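The structure appears right after this line, and notes come after that.
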Amino acid sequence: MTSTLKLAWRNLTRYRRRTLLTALLIMLGVMALLLFVAAAGSFKQTMIGSITDSMLGHLQIHRRGYTASIDNLPLNLNLQPNAVGKIESALKAEPEIAAYSLRVKLGAMFSNFTENTSVRLNGIDPAAEDATVPALRQRINDGDRTGPLVAPGKVLIPTLIARGMKVKVGDAVVLVVTNASGSVNGKNFVVSGILDGVTGPGGRDGYIHIDDARDLLRMDKPEVMEVAVRLKSLKSLAAVQQRLNAKLDEIQNKEGKPATELHLWSDLSPFANIVRMIDMMTLFIRIMLVAIVLVSVMNVMLMAVYERIREIGTLAAIGTQPGKLMAIFLAEGLLLGLAGAAAGIALSYALVGYLNLNPVVFAFGREQITLRPVLELAEVAGVLGLAVLVSALASLQPAWRAARMDPIQALRHV
Amino acid sequence: MALIQADNITKSYRVGDMNVPALKGLSFEIGEGAFAAFVGPSGSGKTTLLNLLGCLDHPSSGTLKVNGTDISTLSRSAAATFRGENLGFIFQDFNLVPVLSAYENIEYPLLMVRGWSPEKRRERVERMIAAVGMTEHAHKRPDQLSGGQKQRVAVARALVGEPKLVLADEPTANLDHDTAYRILELMKSMRDSFGTSFIFSTHDPKIMGEAELTFTLEDGRLVQQGGEA
């Protein structure tokens with residue numbers, strides 16, 4: 001094996017310029033793929049982190065049918081206290097869950113006493129919300145970031161509304177809501193903080209204490225519209241979803257059907273489509289890498305076989321078995337792919353290191369994204385494996401041709 | 001027992017719709033330790049006969065035995081094994097592997113074909129390289145050697161696996177006369193030292209005079225045999 005690899009390496013160095021050019025091509029392909037995956041991964045993680053850690057949570061539980069009309073913030077599809085109790089029991093029994101937050105969601109008229117606008121309100125328990133979406137606090141750009149997220153009688157409003165309504169921290173405002181029975185109720189609040197804008201439907205979301213929300217809606221029972229859930233690790237999302245679904249299906253309505261529905265963050269955020277698009281682009285770049293390696297290695301190996309026909313004849317004549325001849329050419333292609341991919345990986349690590357020292361910052365919607373690309377070991381190993389595998393496949397036909405060559409014809413070749 | 005027994009062997013090739021005979025019923029025997037030459041003009045069948053003896057091709061009919069094995073029907077893989085274990089080859093153009101040094105070229109059959117252990121390999125290669133007088137050039141690559149030196153390396157490579165028979169197709173054709181004679185002397189001394197039979201082809205009358213046994217071929221037929229088989 002060592003001698004085959006040694007001979008293959010020597011043969012590669014025989015045509016240095018050609019080997020270097022091919023290795024360079026593979027290196028560039030590998031580097032392009034790894035850099036794209038690392039940068040896109042960083043972008044995805046930043047955006048997913050921003051969405052889940054400051055707004056959605058990783059999972060959400062609603063009463064069945066609620067999410068279909070979530071844009072209208074319906075008041076007649078609430079989770080009843082009995083169901084909430086069962087949901088809480090299921091969540092507490094799941095070891096992968098870090099925190100959850102009960103939310104009362106409602107649409108309201110926001111008034112600064114001279115103008116009105118609509119606002120989406122989230123009635124929250126400040127401690128539970130803080131634990132479930134820890135980055136929400138970081139979105140407070142004006143106001144107290146250190147105390148409870150929101151106290152009774154206070155409201156956190158989005159920048160969009162603060163700017164449009166010319167409202168600042170400490171101002172008094174009125175929130176007017178229409179409750180489920182159709183009666184209108186209003187209450188004075190003091191603005192305790194302004195929230196940085198986020199991309200997507202959360203851009204008009206304000207926050208009040210859950211008791212204030214229930215008071216505004218004149219709820220006589222502690223109903224909730226949404227349970228946001230945070231996991232210890234996003235990696236366990238699918239497993240937790242499966243386990244929770246099984247438990248939640250036991251909570252049934254009067255018709256004997258499941259009364260709740262569980263959604264992942266990706267079901268609730270339009271950014272999931274961008275993630276899918278990025279994944280699709282990654283797949284295309286991966287296919288391009290396969291094509292680059294396949295064509296370049298196959299071309300080099302076909303040339304190598306063609307240029308060494310007499311040598312192949314000599315080696316066959318002195319007793320080299322066809323399998324061994326095939327191994328020599330396969331090893332050449334494999335080493336070429338390995339060398340190109342290894343150089344590409346080394347360069348990718350260097351560039352990723354540079355990008356982490358000098359991060360790229362750009363605006364995406366209302367978000368400021370700072371790219372901090374990370375090369376995952378599994379991804380690097382996958383790309384290396386792919387390059388080597390495709391190199392071996394590309395060498396297969398030329399190697400087979402060399403092994404099947406008639407020694408007499410080969411020795412006669414000029 | 002004779003090392004080579006050829007019994008009425010023929011070889012013909014298809015060229016379009018034509019059947020072109022290259023060898024026409026050759027029968028002969030060659031004993032162990034022979035230093036023999038196939039001689040004749042171009043197209044007489046020398047190379048075809050060497051190819052058959054070297055298991056690189058099959059006769060169209062007849063029986064051909066080398067070292068007791070009927071080689072007329074060996075499969076591709078079996079023929080490669082037989083070549084590796086019993087035969088050595090010397091080529092007109094030397095055919096050394098350009099990326100290997102003289103030492104590595106000689107070592108190749110033991111390493112890639114026979115799979116000898118490193119110690120046994122080193123001992124044998126050093127012995128062979130000394131026998132052909134190439135010790136001081138052992139680490140040079142073929143492009144750093146003269147024609148005569150390359151052929152010495154080729155002789156050592158042919159003999160390193162202790163074959164019963166070495167086949168050489170026009171081994172001196174690309175060498176000047178002095179070097180050609182030195183190579184033939186070397187081959188003879190190798191035969192004397194290791195007991196290996198040498199068969200070579202030539203159309204040079206001076207070179208054929210060095211053979212102890214000659215087979216003259218004309219138009220695919222054996223027309224004359226000289227010396228003792």
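Just so it is clear: chains get the letters A, B, ... in the order the sequence lines come, proteins before strands, and each one is counted from 1. Because the structure is a prediction, the values reported are computed rather than measured.
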Look at atom [atom1] of [X] and say whether more than 12 heavy atoms of other residues, nucleotides or ligands are closer to it than 6.0 Å.
X: B:Lys140; atom1: NZ; value: yes
X: A:Ile287; atom1: CD1; value: yes
X: B:Tyr13; atom1: OH; value: yes

Does anything in [range] get under 4.5 Å of chain B by heavy atoms, and if so which residues?
range: residues 300-313 of chain A; result: A:Arg310, A:Glu311
range: residues 318-337 of chain A; result: A:Ile318, A:Gly319, A:Thr320, A:Gln321, A:Pro322, A:Lys324, A:Ile328
range: residues 9-31 of chain A; result: A:Arg10, A:Asn11, A:Arg14

So which of [options] has the largest heavy-atom pair count under 4.5 angstrom toward chain A?
options: B:Ser77, B:Pro163, B:Gly54, B:Cys55; result: B:Ser77
options: B:Pro98, B:Gly161, B:Gly84, B:Pro109; result: B:Pro98
options: B:Leu167, B:Thr47, B:Asp169, B:Leu100; result: B:Leu100

To the nearest 0.5 Å, tell me how far B:Asn67 CG sits from B:Gln5 CD. 10.5 Å

Pair B:Ser60-B:Thr10, side-chain donor/acceptor within less than 3.5 Å: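 The answer is no; no qualifying pair exists.
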
Testing the 3.5 Å rule here: is there a donor-acceptor pair between the side chains of B:Asp70 and B:Ser72?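 Side chains of B:Asp70 and B:Ser72: pair found under 3.5 Å.
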
Quick one: which of B:Leu23, B:Leu64, B:Asp57, B:Leu222 gives a side-chain contact (heavy atoms from CB on, under 4.5 Å) with B:Leu49? B:Leu23

Show the nearest heavy-atom pair for residues [X] and [Y], with the distance to one decimal.
X: A:Thr370; Y: A:Pro359; result: CG2-CB, 3.7 Å
X: B:Pro21; Y: B:Lys24; result: CG-CE, 3.8 Å
X: B:Arg157; Y: B:Val97; result: NH1-N, 4.3 Å
X: B:Leu217; Y: B:Pro41; result: O-CD, 3.7 Å

Donor-acceptor contacts under 3.5 Å from residues 384-410 of chain A side chains, at least two apart:
residue  : atom : partner  : partner atom : Å
A:Ser391 : OG   : A:Ala387 : O            : 2.6
A:Ser395 : OG   : A:Ser391 : O            : 2.7
A:Asp406 : OD1  : A:Ile408 : N            : 3.3

Part of [X] within contact of chain A (heavy atom distance under 4.5 Å):
X: B:Glu85; value: neither
X: B:Asn95; value: both
X: B:Tyr108; value: side chain
X: B:Leu56; value: both

Is the ring pair B:Phe28/B:Phe215 parallel, tilted or perpendicular, if the boundaries are 30 and 60 degrees?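 Judged by the thresholds at 30° and 60°, the geometry between B:Phe28 and B:Phe215 is tilted.
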
Assess whether ring pair (Phe, Tyr, Trp, His ring centres under 6.0 Å) is satisfied between A:Phe36 and A:Phe43, documenting all intermediate values. CA-CA 10 Å; A:Phe36 180 81; A:Phe43 173 66; over 10 Å; no

Which one of B:Lys150, B:Arg152, B:Gln149, B:Gln144 satisfies the side-chain hydrogen bond (donor to acceptor under 3.5 Å, both in side chains) criterion with B:His137?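 Option passing the side-chain hydrogen bond (donor to acceptor under 3.5 Å, both in side chains) with B:His137: B:Gln149.
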
Flag the pair A:Glu379 and A:Arg286 as a salt bridge only when some basic side-chain nitrogen lies within less than 4.0 angstrom of an acidic carboxylate oxygen.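 Salt bridge present between A:Glu379 and A:Arg286.
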
